[in-house]
Amino acid sequence: MFEQLALGFSTIFQPDNLIMIFLGTIVGYFIGAMPGLTPSIGIALLIPFTFTMESVPAMVMLVCLYIAAEYGGGITAILINAPGTPAAAATALDGYPMAKRGEAGKALTISIIASGWGSLISSILLVFTAIPIAKAALNFGPAEYFALAVFGLSLITSLSEGSLVKGILGMCFGLLLITIGMDPVNGVPRFAFTNSLFGGVPFLPALIGLFAFSEVLFMIENADDEPAEVQKIKGIGIPFSILKKMKLTLIRGPIIGYAVGVIPGAGATIASWISYNEAKRASKEPETFGTGNPEGIAASESANNGAVPGALAPLLALGIPGSASAAILIGALTIQGLQPGPLLFVKHPEIPYSIFAALIFAAPMMTILGLFGARVFVKVTLIPTRILAVVVAAITVLGSYAYSNDMYSVWVMFLGGVVGYVFRKVKIPNTPVVLAMVLGFMMEVNLRRALITSGGTPELLFSRPIALILLIVSVITLIVPVIKEYKTNKRKAVA
Amino acid sequence: MKMNKRLILCGLLIISMLMLSACGASKPAEKVYPSEPIKIVIHTSAGGPTDLMGRTVAQIMEPIVGVSCVVENRPGGSGATQMAYIAQAAPDGYTLGCMTPSQLGLLNGNLKDQFKLTDFTWLSLGQIDPYIVVVNAKSQFKTLQELVDYAKANPGKINVGGYGSAGAGHNIAWNILADKAGIKVNWTPYESTGDAVTAILGNHVDAANSNPGQVAQFVETKELRVLGVMANTRLAEWPDVPTYKEAGFDVDTSWAQFRGFYGPKGMPEDVVKKLNEALTKVYATDKYKEYLSTSQMMPGGMAAKEYAEFINKQDTITKDWYKKLGISK
């Protein structure tokens, strides 16, 4: 293995491969930072260029684009509350409040370091465990996926700041949205009164609306506010003392990211929420999460970048995509005349090993580029609110249009923005809405699959150990905060 | 910097839009066809099997027709975006679309009110990707007959996975077999053929309806076993795998996953003829044959007239099954 890894490194240090790693990273940054362009769209956009390339440079470029895009999403999430990728939504929770306080530089620095660190640790895990863990992931059947989705939804108790009831209200709204579109089992349309709704409510435009466009409306309200004074980034800009405080989160994040990434279908978005929630739960001051706690950024970013190598494990070991982006990478491999699958390691070991090497090498390079970038990007927060509102509005329109090249997505985005604005006014948090939209489909389709395979009885859900454990953990996650709240209320009442 | 990036992006977008509109404005010249670049529009994003066919054909066809062949991806609405685009394109032979049974499904489903079969010119069949039934290597079923016997003895016990809900291509293929064999199973839908393969690898379903290219490697590593092929002849790569007919189920094999080319209605006859000549030459090249064999597809090679009949036949089967499955009245 080490011999082959060394060979991988010597391959990627050839000039043409180095250029491709660099190019992939830069393009990935921009793709990620642009709301509406996801890593998978970015990979699909670049595939035609790989047509005439050799297979190794083509693959390392696409993989570096993938991992850099997952970081890039955090940049706009922090600066303008517009998550560039769905997985960066959790980053916005603490990143944007920090930027508003004038700490955008610190937030960006922490996010890039957490991203780079997450990529590095997860890549190393990938090198050693790709084959066994990918095989283990095959044990995830309908029951396990359903339980995982339920677990994800149970996180709202701790993610919805403020009232739990309002959080659940938001979640139910998100779940309602998910029922729109083609029924995944019987193929009949549900609540789809126009053709465009057959495919359901497009997630990314809705997300851009809920977060970014609703923010534009708030910006208009507060157009006369002066932007906060921006704190300068000092020295090389790495705040070691802050990082030291969150070392547990930095260890947990990449591992959560990798593990969730490996499971086909679950990906960076779910990983970042779980990691964020775990960090909040373990924290001594959970109430600061959501108000600009750098640890929240680190938790989200280290996990969503950690999910990328995770998603590559089933792809390289079995030819099974762990995410939408990985599915497109399979296409890229096929175009190169390579058959992704269990024989890739045997027939073309140069491909997986140069990808491993590129991932390990790209992590520090990405971090250095990002640290430089942070100094430049911070300037965005100097733009007066009334001008920024216009710019962000334009970006949200452009981003949602780019998502599927039609105006329909733009209307969905506007509508999402208005809904998000109203929700925020009445203090219903947006996070549960997004979480429900991420997990709702997975939950529904797998519950129904589980019911079909067990002949209509819910027995399958309780007879499989992983599923059962996840369900029990979700119940605990759901109930404990409620009891805690009840107890404090009682104590308050007594006092 | 950030602002500049956005400005540049906007600028690029505007320029590309202008270029696009410029493409649309150019009148079909009264020159001999083809004298302009031919655009092949794909209904999926880059990297999928249909995209791969479009790109392979475009690459081989370029030197044959002497003009450049450009591939463009217009994903969305399981093909609806591309279909609307093709329907609106000028019928001059410079805009073609790749197609699969998805487009026929749309004509009977989502786009039923917008388009009819006669709104398009059906040009050529590029390949057939036969349906197969596959089980995990550890499965107790060694032959199709054993699977059917068990399903007969235990109705509603067997779970069969595949891409799509009731009425999707894979589901109809399975139903054609199940109908002939007189069995009832639970159809478990997955979001893609790949997802269904993952499920059979993890033993979450008893059998799966799939395509050869999707499972070839797992057959080679002895993790999956193919029980039968829905085709008239055995596959060259798997001489031991019987057809459904040989396995004892004489089904109509005209239902297949296929990929071909189509265009807007009203394309001039000589243009259709020239395109067919060029495509026939493409299908005969070693490069195309090599692509078919690496991706485990069967050659299509039907020209316009035959293809239109083929499409009509597929459409009838789709309509029949939509009725039988209660999707349409």
Side-chain angles (χ1 to χ4, degrees), chain A residues 30 33-34 40-41 43-45 47-48 51 79 137-142 182-189 195-196 198-199 264-265 314 318-321 327-332 334-335 337 339-343 373 376-377 379-380 383 391 394-395 398 402 404-406 445 449 452-453 455, chain B residues 1-3 5-6 9-10 13 45-49 51-52 55 59 71 73-78 80-81 109-111 113-114 156-157 159 161 164-168 171 186-192 194-195 197-199 201-205 213 216-218 220-221 223 291 294-295 325 327:
Chain A
F30 288 145
M34 182 74 200
S40 50
I41 296 177
I43 296 169
L45 285 174
I47 279 187
F51 231 58
L79 292 174
L138 285 178
N139 288 324
F140 254 70
M182 216 56 150
D183 178 305
V185 175
N186 298 329
V188 280
N195 280 340
S196 317
F198 274 93
L318 301 171
I320 290 168
I328 300 172
L329 282 177
I330 287 194
T334 328
I335 285 173
Q339 277 285 313
L343 297 175
V376 186
F377 298 147
K379 304 242 155 61
V380 172
I383 303 171
V391 177
I395 293 169
L398 196 65
S404 62
N405 286 328
D406 60 14
V445 84
R449 241 177 240 150
I452 289 173
T453 44
Chain B
M1 175 64 196
K2 191 83 184 162
M3 298 281 291
K5 186 198 102 192
R6 292 210 174 99
L9 261 178
C10 294
L13 200 84
S45 49
D51 180 66
L52 195 58
R55 286 180 194 277
Q59 219 178 6
V71 171
N73 299 80
R74 283 184 176 264
S78 335
T81 311
N110 291 359
L111 299 182
D113 304 326
Q114 276 92 331
K157 257 271 160 78
N159 298 303
S165 51
N171 177 262
N186 304 315
W187 176 259
T188 318
Y190 282 88
E191 277 86 65
S192 72
D195 286 354
V197 173
T198 311
L201 280 171
N203 247 326
H204 301 294
V205 286
Q217 284 219 24
F218 301 105
E220 204 177 330
T221 54
E223 285 168 272
Y291 147 72
T294 43
S295 44
L325 296 168
I327 296 166

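Every chain is numbered from 1, with letters handed out A, B, ... down the list of sequences.
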**Item:** Structural part of A:I452 lying under 4.5 Å from a heavy atom of chain B
**Value:** both
**Request:** Nearest 0.5 Å please: distance from the CD atom of B:Q217 over to the CG atom of A:L318.
**Result:** 10.0 Å
**Item:** B:D113, part contacting chain A, at a heavy-atom distance under 4.5 Å
**Value:** neither
**Message:** Applying side-chain contact (heavy atoms from CB on, under 4.5 Å), can you list everything that pairs with B:Q59, at least two apart in sequence or on another chain?
**Reply:** A:F51, B:K287
**Item:** From A:L138 atom CG to B:E223 atom CD, the distance as rounded to the nearest 0.5 Å
**Value:** 8.0 Å
**Complete:** By side chain to side chain donor-acceptor pair (under 3.5 Å), B:E191 pairs with (sequence neighbours left out) A:R449
**Request:** Flag the pair A:T453 / B:T188 as yes when at least one side-chain heavy-atom distance between them is below 4.5 Å, and no otherwise.
**Result:** yes
**Item:** chain B interface, residue from A:I41, A:I43, A:N139, A:L45 that has the most non-hydrogen pairs under 4.5 Å
**Value:** A:N139
**Request:** Report the option among A:A44, A:P342, A:G455 that has the most heavy-atom pairs separated by less than 4.5 Å from atoms of chain B.
**Result:** A:P342
**Message:** I'd like to verify something: which residue of B:A80, B:P49, B:P189, B:G202 has the highest number of heavy-atom pairs under 4.5 Å with chain A?
**Reply:** B:P189
**Item:** Interface moiety of B:Y190 toward chain A, non-hydrogen atoms closer than 4.5 Å
**Value:** both
**Prompt:** By a 4.5 Å heavy-atom criterion (distance strictly below it), what part of A:L343 contacts chain B: side chain, backbone, both, or neither?
**Reply:** both
**Fill in**
Honestly, the part of B:T294 sitting under 4.5 Å from a heavy atom of chain A is backbone
